[in-house]
A.B. asks: 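Before I ask anything, let me first share the structure, which is written out below as structure tokens.
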Amino acid sequence: SQQGEEDPQALSIQEGENATMNCSYKTSINNLQWYRQNSGRGLVHLILIRSNEREKHSGRLRVTLDTSKKSSSLLITASRAADTASYFCATDAQLKGEKLTFGTGTRLTIIP
Amino acid sequence: EPEVTQTPSHQVTQMGQEVILRCVPISNHLYFYWYRQILGQKVEFLVSFYNNEISEKSEIFDDQFSVERPDGSNFTLKIRSTKLEDSAMYFCASSSYDRSTTDTQYFGPGTRLTVL
């Protein structure tokens, strides 16, 4: 079994629409983070949500966390062509400095 | 804004050769990490480093791999004898020790290693 599975694996939407990506995980977590990766490039940190938080906003991003279901969602509102990228969730367990376990990612394509 | 940097951006090497990938973490960070991503696959943890020693390592991080903090700014990953399957993007990351800040790990742009 794998910690961190995103769905859908790929998502194509029209510019201006909202995009929702989901992430499920299997073990208890301390934090859940979302990262963006443009093709062949580095990982850009988007947002971190702690296990005792349920929702967090940052600009056009909204992240929810349901620890009872071991799942999180990332909502990007009013999508833009520049949002085209792969999005990954990553979890860490308990300790400060803990390794991140990444999901498989959602490939988001925004159609102009 | 401070950022993690990595050099080189692309390294091509022959199988069996040694490579050293270099990283400069964010200056006030004390936790350092290496991850790798084989093309088309998920990002995988290799090793974490704190207080001049390895905190944790994955099964991937075998005897062919080593890490070092040779001075106050650099953090290196050495692969002693590269194999074809070591071809991947290698990411360095760092995070702060400060308990008042978040546990965000900041990633560098990566080094693409190609083993021929």
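Both backbone and side-chain heavy atoms feed into the values below; hydrogens, waters and symmetry mates do not.
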A.B. asks: Keeping B:Tyr35 on the side-chain end and A:Lys99 on the backbone end, is there a donor-acceptor pair under 3.5 Å?
C.D. replies: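 Judged by distance alone, no pair lies under 3.5 Å.
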A.B. asks: I would like to know whether B:Tyr33 and A:Glu98 meet side-chain contact (heavy atoms from CB on, under 4.5 Å); could you show each step before the answer?
C.D. replies: CA-CA 10 Å; B:Tyr33 315 82; A:Glu98 182 81 8; over 6 Å; no
A.B. asks: Could you check whether atom NZ of B:Lys57 has more than 12 heavy atoms from other residues, nucleotides or ligands sitting under 6.0 Å from it?
C.D. replies: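 Not more than 12 within 6.0 Å, no.
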A.B. asks: Surrounding CD of A:Gln14 (heavy atoms of other residues, nucleotides or ligands, distance under 6.0 Å), is the total greater than 12?
C.D. replies: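 Check passes, neighbour count above 12.
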A.B. asks: Relative to chain B, which of A:Gln37, A:Arg107, A:Arg41 shows the most heavy atom pairs under 4.5 Å?
C.D. replies: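 Of the candidates given, the most pairs with chain B belong to A:Gln37.
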A.B. asks: What residue in B:Gln41, B:Arg112, B:Gln37 has the most heavy-atom pairs under 4.5 Å with chain A?
C.D. replies: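 Answer, by heavy-atom pair count under 4.5 Å with chain A: B:Gln37.
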A.B. asks: Give a yes or no on whether B:Leu116 atom CG has more than 12 heavy-atom contacts from other residues, nucleotides or ligands under 6.0 Å away.
C.D. replies: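 Result for CG/B:Leu116: enclosed.
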A.B. asks: Can you establish whether the number of heavy atoms outside A:Arg80 located under 6.0 Å from its atom CZ is more than 12?
C.D. replies: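 Counting neighbours around CZ of A:Arg80, 12 or fewer heavy atoms of other residues, nucleotides or ligands fall under 6.0 Å, so no.
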A.B. asks: Please give me the minimum heavy-atom distance between B:Thr104 and A:Gln33, naming the atom from each residue.
C.D. replies: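 Closest heavy-atom pair between B:Thr104 and A:Gln33: CA-OE1, 3.6 Å.
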A.B. asks: Is it the side chain or the backbone of B:Glu44 that comes within 4.5 Å of chain A heavy atoms, both, or neither?
C.D. replies: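 Neither part.
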A.B. asks: Measuring from atom CZ of B:Phe91 to atom CZ of A:Phe102, what distance do you get when rounded to the nearest 0.5 angstrom?
C.D. replies: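 Result: 8.5 Å between the selected atoms.
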A.B. asks: Does A:Glu55, at its CD atom, have more than 12 non-hydrogen atoms belonging to other residues, nucleotides or ligands within less than 6.0 Å?
C.D. replies: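 Result for CD/A:Glu55: enclosed.
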A.B. asks: Decide if atom CG of B:Asp63 counts as having more than 12 heavy atoms of other residues, nucleotides or ligands within a radius under 6.0 Å.
C.D. replies: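 No.
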A.B. asks: With a 4.5 Å heavy-atom cut-off, do A:Leu100 and B:Phe107 have their side chains touching?
C.D. replies: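 A:Leu100 reaches B:Phe107 side chain to side chain.
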